[in-house]
Amino acid sequence: MRSSIFNGQALAIIKKDIAAIVSNRRMFLALLIVPLVLTVIVPTVFLLILHFVPEETADFQKLLELMPIESQPREMPKTLINLLLNYFLPIFFLIIPVMAASVMAASSFVGEKEKRTLETLLYGPLSLKEIFYAKVMASFLLSMAVSVLSFAAMLLVLEIESGLLLGFLAAPKVTWLLIMLLVSPAISLIAVTLIVRFSAKAQSIEDAQQSAIFLLLPILLLLVGQFTGVLLLSGWLLLALGLVCAAAAALLLKRSLHRFQYETLLQ
Amino acid sequence: MNAVTLDHLSKTYPGGRQAVDSVSLTLEPGEVFGFLGPNGAGKTTTVKLLNGMLTPTRGSLRVFGLDPAAAPEKVHALSGVVTEHAQMYDHLTGLDNLIFYGALFGLDIPESRRRGQKLLAQMELSDAENVKLAAYSTGMRQRLSLARALLHRPSILFLDEPTSGLDPESAQKVHAMIRRLAAEQGCTVFLCTHQLRYAQEICTRYGLMEEGRLLAQGTLESLQARVGSGITLKLRLSSLPAFLEKRAVSLGEHLFALPIRTENEIPELVRQIAADGKDIFHVQAELPTLEDIYFALTNRPKETL
């Protein structure tokens with residue numbers, strides 16, 4: 001199985017699926033707008049407040065007192081910026097890949113069914129496992145691309161604004177590596193696998209999207225909530241939880257690969 | 001090795017409807033086999049069974065020795081399928097669609113492009129190769145589907161109503177292509193259709209289906225012999241001689257139909273009519289067509305097909 005996972009044939013499906021999203025300008029913009037609002041506009045607004053109405057930051061002082069972080073009053077802007085960057089913004093990177101992936105994953109099978117191209121795809125020489133895997137990978141890779149793009153845009157904008165307005169650069173913590181390389185991909189993969197499974201059973205794209213929103217979102221929000229707490233506690237705990245999520249994602253994907261039959265897919 | 005072997009193949013859907021009922025037949029490599037019958041006769045179900053999209057309820061089947069239920073992807077690698085439900089991507093051009101399906105079958109892009117362009121030319125679609133599929137007519141889509149099914153040079157083609165929804169001219173074109181390709185590439189063809197007249201033009205052997213059962217199979221000659229009705233002689237005469245009054249049926253003014261058993265009867269009949277002093281304007285011997293055979297076997301009225 002492993003040798004055939006990234007063969008040219010599965011790659012053809014992955015490329016085709018991603019190209020279909022990217023070439024659909026409206027869908028692609030919808031895919032990019034929310035992440036960019038979250039990662040560029042939100043921190044910018046925060047910075048502007050910090051710069052132009054520093055008196056408002058008294059409220060932040062109270063917030064800081066609640067946090068297990070040490071800070072000195074004169075370094076407060078710096079502490080706040082680093083708090084924003086290292087404890088608040090990472091949460092977005094648990095949500096963004098899931099949102100980005102859900103758009104594509106929901107239509108993965110049922111979208112082809114609606115356009116009557118699924119049967120043609122199934123008549124290809126790939127096993128159902130390989131097709132399912134390709135569908136999951138296409139959504140997963142796209143979500144990771146959106147995620148990395150958002151991260152780059154966020155860091156760039158934040159550093160430029162911070163440097164120009166406040167006169168110092170924000171310092172990203174090493175936990176960002178864990179978030180971007182482990183936790184975020186793992187959560188995204190869990191979401192994608194589940195949504196692609198919904199998509200394979202659904203009778204319409206709306207069906208699949210609804211299943212994704214009502215069944216998956218509450219679970220994911222719960223998961224995200226837990227990570228928010230963990231972020232504040234320790235990097236090691238974050239690593240451990242990330243590994244658990246990654247293992248869960250791998251297990252889920254492996255089990256899902258065996259679930260499908262042509263007969264149920266084409267119903 | 002047989003191209004296709006069906007052995008008492010049966011399929012009952014979960015709802016209880018028996019779509020295929022103990023069908024047994026074999027196809028030799030290179031045959032153009034017409035699988036014929038009205039809608040609901042079990043043709044599409046049989047194609048889906050042959051491609052592993054459905055699993056048989058009873059019986060067994062093989063495609064070039066492979067079991068489609070156990071190794072569908074191996075069967076797909078050597079078969080090309082055209083069905084009404086197997087469409088391509090509207091947002092891609094004709095050629096880009098072929099390049100994608102080429103890649104799916106493991107061809108690299110230059111090779112897919114080369115083969116794709118050649119097939120598009122054969123299908124008279126070269127002018128539309130860079131047009132998005134959304135702008136294709138039904139006839140163009142059907143021809144592109146045929147090109148798609150041939151791209152990986154399959155050993156067997158499964159064609160399920162490849163001319164449904166086409167005007168007679170386009171249907172004729174598609175049939176001519178199927179006939180030519182089968183001859184050129186030596187590809188086995190399993191053609192499902194309810195258009196018996198077209199099938200008769202291109203197939204070498206036939207299977208006649210009704211309500212999931214195989215009524216008969218064989219060449220046109222063997223099927224004609226089986227229904228036994230022999231030949232209908234159409235005659236245009238100045239008037240009907242008295243000795244034929246009981247045997248012939250009037251088809252109109254001076255036009256008569258006369259059932260005979262073999263062509264050997266014709267010369268003597270003509271001599272007798274002439275000797276009787278009648279003028280003979282037209283004599284035509286008509287063999288039973290596939291339609292005649294089908295209706296003789298099923299006792300169906302002709303409108304049902």
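Note that the structure is predicted; figures quoted are calculated from it, not measured. Proteins get letters first, then strands, A, B, ... in listed order; numbering begins at 1 in each.
Counting heavy atoms of neighbouring residues, nucleotides and ligands inside a 6.0 Å radius, atom CZ of B:Arg113 does not exceed 12 of them. For B:Ile109, the CD1 atom sits in a loose shell: 12 or fewer heavy atoms of surrounding residues, nucleotides or ligands are nearer than 6.0 Å. Within 6.0 Å of CZ in A:Arg255 there are 12 or fewer heavy atoms belonging to other residues, nucleotides or ligands.
Residue B:Tyr101 touches chain A through its side chain alone, counting heavy-atom pairs closer than 4.5 Å. Using a 4.5 Å cut-off between heavy atoms, B:His91 contacts chain A through its side chain alone, with no backbone atom that close. Interface residue A:Ala20: backbone and side-chain heavy atoms are both found under 4.5 Å from chain B. In this structure, chain B has no heavy atom under 4.5 Å from any part of A:Gln261.
Among B:Asp90, B:Thr55, B:Leu92, B:Asp96, the residue with the largest count of heavy-atom pairs under 4.5 Å with chain A is B:Thr55. Of the listed residues (A:Leu128, A:Leu121, A:Leu265), the one with the most heavy-atom contacts under 4.5 Å to chain B is A:Leu121.
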**Message:** As a quick check of understanding, evaluate side-chain contact (heavy atoms from CB on, under 4.5 Å) for B:Arg148 and A:Thr120, giving each step before the final call.
**Reply:** CA-CA 10 Å; B:Arg148 191 250 310 142; A:Thr120 326; 3.4 Å; yes
**Item:** Check against side-chain contact (heavy atoms from CB on, under 4.5 Å), A:Lys129 and B:Glu73
**Value:** CA-CA 11 Å; A:Lys129 264 189 209 174; B:Glu73 63 272 17; over 6 Å; no
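Side-chain contact, B:Tyr89 with A:Lys16: a donor N or O sits under 3.5 Å from an acceptor N or O. Looking at A:Glu263 and B:Tyr13, their side chains never bring a donor and an acceptor atom within 3.5 Å of each other.
Here the CD atom belonging to A:Glu112 is positioned 12.5 Å from the CD atom belonging to B:Gln87, to the nearest 0.5 angstrom.
B:Pro72 and A:Tyr262 get closest at one heavy-atom pair: CG-CE1, 3.4 Å. The two residues B:Phe100 and A:Ala12 make their nearest non-hydrogen contact at CE1-O, 3.5 Å.
Within the 4.5 Å cutoff, the side chain of B:Met88 has no heavy atoms near those of the A:Arg116 side chain.
Among B:Thr83, B:Leu104, B:Val82, the single residue meeting the side-chain contact (heavy atoms from CB on, under 4.5 Å) criterion with A:Tyr123 is B:Thr83.
Side chain of B:His76 to backbone of A:Leu122: a donor-acceptor contact under 3.5 angstrom is found.
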